[in-house]
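Just so it is clear, the structure is predicted and the values come from calculations on it, not from any experiment.
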Amino acid sequence: MARPWERLFIAAARLFAWCVVLTPFAVVGVLVAAALAGRQKPDIVFFLGNLVVQLFATVFVGAIGAAVGATIGIGTALLTRELLPPKTGRTFVLAIRILAALPAVVLGWFGATVVLPALSGRTSIAVFIAAAAVVTMAVIPRAYRLTSRSLAELSLSVRESAAAAGASPSRVTAHVTLPAIRRRLGGVYADSFSRGVSEAAAVTIVFLAAVRAGYPVDLFTIPSSIMAHAPSIQFVDAGIAQSALLVLVLAAVNKTIAARRMGDLQWV
């Protein structure tokens, strides 16, 4: 017969498990309810026009950061696993691990205090570059990890047959390894875009610094618009909920594409 503390532990474990199962459905349900029930003060045509502009800018920032970050991550994985000796490659691997350990707020602080002040002028393009740089840094470690996993799963016989024919490591990488994992690399880019459009914690710090510095960001991206109009935004605002749902859909679609291209891909 189980002891009282064992029964309590099992009951708590079941309760927490159900909380984990129900939480994502609850979050989506609340977003949908807020999007439908919230009231919009501005004219609906004006609101939708701004939302389209902000959504496009948000996707653009995420796409640029994802493209650059994924390319750097893929290139670093190929360099460390295919082209460099193990001892030399450890330096790059260590740098990637340190970057992966940095919280999003640290990346945002770096973009707000280093990247943004280094850009001249008071234009939205400066904020755009700083936000894209932050997204790029956030994307690199995961792109490296996913590419490294794909390279590790590649059969050694594919490389050995090309090396036996006298091909150099660079030629093996360019003509054998890359074509063998091309489909999975598409999944890496899709996963990176999903990460890029949802990297709110990092880019919001950049936008907050930009608003305080006087940059015109009120019609830039969804997070920056929220920061610019924070004093006048309602607690339950349909626009914010609708924007969040759109970003959620974009992230989910790209995660699904990445999973189909890479096989069993973890979403976390």
Side-chain angles (χ1 to χ4, degrees), residues 49-76 96 98-144 188-231 233 237 239-255 258:
N50 286 349
L51 179 61
V52 169
V53 172
Q54 294 163 11
L55 180 63
F56 175 79
T58 302
V59 171
F60 199 39
V61 169
I64 294 298
V68 177
T71 301
I72 294 174
I74 291 171
T76 305
I96 291 291
I98 294 175
L99 185 60
L102 295 178
V105 291
V106 175
L107 299 179
W109 174 86
F110 177 81
T113 59
V114 177
V115 179
L116 191 60
L119 303 173
S120 58
R122 284 288 185 270
T123 61
S124 295
I125 190 63
V127 188
F128 164 77
I129 295 175
V134 168
V135 173
T136 297
M137 290 186 290
V139 164
I140 290 175
R142 182 168 174 83
Y144 171 85
V188 174
Y189 279 99
D191 181 85
S192 298
F193 178 74
S194 176
R195 174 74 186 275
V197 296
S198 58
E199 193 58 44
V203 297
T204 300
I205 297 176
V206 175
F207 296 139
L208 178 60
V211 170
R212 290 177 174 175
Y215 285 82
V217 297
D218 55 326
L219 288 179
F220 187 57
T221 66
I222 292 170
S224 65
S225 179
I226 293 173
M227 298 305 302
H229 297 94
I233 287 180
D237 189 274
I240 297 176
Q242 292 160 6
S243 302
L245 282 174
L246 288 173
V247 173
L248 175 62
V249 170
L250 284 173
V253 167
N254 281 274
K255 281 288 187 181

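Listed by chain and number, the residues in a side chain to side chain contact (heavy atoms under 4.5 Å, CB included) with A112 are I205, A209 (sequence neighbours excluded).
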**OP:** Any chance you could lay out the side-chain contact (heavy atoms from CB on, under 4.5 Å) test for T76 and I96, step after step, and finish with the verdict?
**Re:** CA-CA 9 Å; T76 305; I96 291 291; 4.1 Å; yes
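In plain terms, the two heavy atoms of K255 and S194 that are nearest each other are CG-OG, 3.2 Å.
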Donor-acceptor contacts under 3.5 Å from residues 99-110 side chains, at least two apart:
none

Acceptor/donor pairs from residues 59-73 side chains to any protein atom, 3.5 angstrom cut, sequence neighbours excluded:
unit_1: T71; atom_1: OG1; unit_2: A67; atom_2: O; d: 2.7
unit_1: T71; atom_1: OG1; unit_2: Y189; atom_2: OH; d: 2.7

